[in-house]
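To keep things clear, I will list the structure first and then write my remarks on it.
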Amino acid sequence: MTALPDPGNFVVWFVVFLFTLTVHETCHALVAWMGGDSTAYHGGQVSLNPWPHIRREPIGTLVVPLLTFFTSGWMMGWASTPFDPGWGSRHPRRMAAMSAAGPAGNLLIAAIAFVSLRALLAYGVFVPPHEINFSRLVEPVDGTPEGSMLHALALLLSVALNLNVLLCLFNLLPLPPLDGSGIVQGLMPGTFGGFIESLRRNPVMSLLGLMVAWQVFDVVYHPAFDVLLRLLHPGVTYG
């Protein structure tokens, strides 16, 4: 029988995951509002309060993350931001900016987590772990009591960095319904942009796009993860 994940790990994972989704969607909504589309603003999505985002996508923000964590030990899910397609057609560059804003929010969180980890490594609070994984990029120095706040902080920053790098790169893939396809649609208006828009509006093509993106993502993520490790732990080699 498989042991249940540690409750403390679950709390850290869920807080980071929900905050990450909230920032991602808030960035979409904020840039759309600044660009003249108030659809998400009136829906309450221009907010770091997670509730409007949960209310819009309860399956993607609560049910799926809980199921994936308790079956695999990590979380996946989704949220969404409403916008006016007519506004996007009239202002394709603003559409591209709105689409890019979500991954940019993930990149900002990743940068903050990375700088924090590098500072704590430099001050000797954390050290490179003997074995690396998605939730374990650093560990407290030897002798730190198990269950201490430093262990929770190491987990929080590790998950925040990895999860946000993953979501940034994944969402930038130019496949519907991911943000990358919205960027392409906005930067290449006209016939090609219209073709991308038709794919994004088709649920079957969006599902197919997600399936393809999931299959090809390893080609993108593993090299990026290797670069991330070299930057975080220069001179340390992991097999």
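In this text, all values refer to a predicted model and were calculated from it rather than measured experimentally.
- Under the 3.5 Å distance criterion, with hydrogens and angles disregarded, no donor-acceptor pair is assigned to the side chains of T81 and Q45.
- Contact check for R56 versus P82: side-chain heavy atoms found under the 4.5 Å cut-off.
- Using a 30° and 60° split on the angle between ring planes, F69 and W13 fall in the tilted class, from 30° to 60°.
- Closest of all the heavy-atom pairs between L210 and L178 is CD2-CD2, 3.8 Å.
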Review item, side-chain donor-acceptor pairs of residues 217-225, under 3.5 Å, at least two apart:
{"unit_1": "Y221", "atom_1": "OH", "unit_2": "N162", "atom_2": "OD1", "d": "2.6"}

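- Counting only distance, with no hydrogens or angles, the side chain of W87 and the backbone of G35 share a donor-acceptor pair below 3.5 Å.
- The nearest pair of heavy atoms linking L137 to H233 is O-NE2, 2.7 Å.
- Here the shortest heavy-atom pairing between Y238 and H130 reads CE2-O, 3.8 Å.
- Between V64 and G77, the closest heavy-atom pair is CG1-CA, 4.2 Å.
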Step by step, work out the side-chain contact (heavy atoms from CB on, under 4.5 Å) result for V16 and L155. CA-CA 10 Å; V16 174; L155 173 64; over 6 Å; no
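- With a 6.0 Å radius and a threshold of 12 heavy atoms from other residues, nucleotides or ligands, F14 has its CZ atom above the threshold.
- In terms of heavy-atom proximity, T61 sits nearest to E57 at OG1-O, 2.7 Å.
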Between side-chain atoms of residues 102-116 and protein atoms elsewhere (two or more places apart, or another chain), which donor-acceptor pairs fall under 3.5 Å?
{"unit_1": "N106", "atom_1": "OD1", "unit_2": "H24", "atom_2": "ND1", "d": "2.7"}
{"unit_1": "N106", "atom_1": "ND2", "unit_2": "N164", "atom_2": "OD1", "d": "3.0"}
{"unit_1": "S116", "atom_1": "OG", "unit_2": "I112", "atom_2": "O", "d": "2.8"}

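- Under the 3.5 Å distance criterion, the side-chain polar atoms of T26 are matched with a main-chain donor or acceptor of S47.
- No donor-acceptor pair under 3.5 Å is formed between the side chain of R94 and the backbone N or O of G88.
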